[in-house]
Amino acid sequence: AQSVTQPDIHITVSEGASLELRCNYSYGATPYLFWYVQSPGQGLQLLLKYFSGDTLVQGIKGFEAEFKRSQSSFNLRKPSVHWSDAAEYFCAVGEYGNKLVFGAGTILRVKS
Amino acid sequence: DTGVSQDPRHKITKRGQNVTFRCDPISEHNRLYWYRQTLGQGPEFLTYFQNEAQLEKSRLLSDRFSAERPKGSFSTLEIQRTEQGDSAMYLCASSTRQAPHYGYTFGSGTRLTVV
């Protein structure tokens, strides 16, 4: 069965520091991979997605992610974090029938 | 394009009561999805529609849950005889063409509290 693991429940980084959020997936075929961000009490906003081609994907708000098939990973990165990036981040994998399977999320805290 | 709208934003109900939520997708989107998100978890798929046809239902969708999309536009999700375990955020999303190629646009959700 398809699954997504986000190993870090919470991550705290200082403002201006770099960020990497980890995501590992289990999927039988070529995966469609997504990162979403959720602010408290809000819905989910798509940051970026990967279908095929270049394994380094650029998204909104300065985020990027790299697909590594050999490691079954799709880690999210940002070179310099801003206080407004504090939120919960979800990795998701596309499944046959078009529904998404989400990880449990990583809560990002930003120290000033 | 006003995005995906969900109503109400919050609902508190007593155990055993019925509740109904509404989702208005982006007008040109023909696919509509319902997810449930409990505290500390990622969203879990419940069901989805293409136009008015309900194409898939999760095992999570017990017989107390029913979803409709009668004219292929807005959708309703009804929970009968609510239980405390139904307390969650219910998220609606819509897409055009075949997701996941194009991702989803999510609404802000309806937070249900069963007391």
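Proteins come first, then strands; the chains are lettered A, B, ... in the order of their sequence lines, and each starts at number 1. Please read all numbers here as calculations on a predicted model, not as lab measurements.
Two different hydrophobic clusters hold B:Tyr48 and B:Leu61 under the rule that ILVMFWY side chains link at heavy-atom gaps under 4.5 Å. In the hydrophobic clustering of this structure, A:Val57 groups with A:Leu19; members are Ile, Leu, Val, Met, Phe, Trp, Tyr whose side-chain heavy atoms approach within less than 4.5 Å, directly or through other members. B:Leu46 and B:Phe106 are members of different hydrophobic clusters when ILVMFWY side chains are connected at heavy-atom separations under 4.5 Å. B:Ile26 and B:Phe49 fall into different hydrophobic clusters, where Ile, Leu, Val, Met, Phe, Trp and Tyr are joined by side-chain heavy atoms under 4.5 Å apart, directly or via other members. Cluster annotation: B:Trp34 is not connected to A:Phe102 through the hydrophobic network of ILVMFWY side chains, with a link wherever side-chain heavy atoms come within less than 4.5 Å.
The stretch residues 73-93 of chain B places B:Met89, B:Leu91 near chain A, each with some heavy atom under 4.5 Å from a heavy atom of that chain. Scanning residues 36-44 of chain B against chain A with a 4.5 Å heavy-atom cutoff picks out B:Gln37, B:Gly40, B:Gln41, B:Gly42, B:Pro43, ordered by number.
For A:Gln6, no part sits under 4.5 Å from any heavy atom of chain B, backbone or side chain. Looking at A:Tyr50, neither its backbone nor its side chain comes within 4.5 Å of chain B, counting heavy atoms on both sides.
The environment of CG in B:Leu55 is crowded: more than 12 heavy-atom neighbours from other residues, nucleotides or ligands sit within 6.0 Å. The environment of CD in A:Glu20 is crowded: more than 12 heavy-atom neighbours from other residues, nucleotides or ligands sit within 6.0 Å. The number of heavy-atom neighbours closer than 6.0 Å to CZ of A:Arg77, taken from other residues, nucleotides and ligands shown, is above 12. The environment of CG in B:Leu60 is crowded: more than 12 heavy-atom neighbours from other residues, nucleotides or ligands sit within 6.0 Å.
Between the side chain of B:Tyr104 and the backbone N or O of A:Leu44 there is no donor-acceptor pair closer than 3.5 Å.
Inter-residue side-chain proximity for B:Tyr35 and A:Lys99 is flagged as met; some heavy-atom pair is nearer than 4.5 Å.
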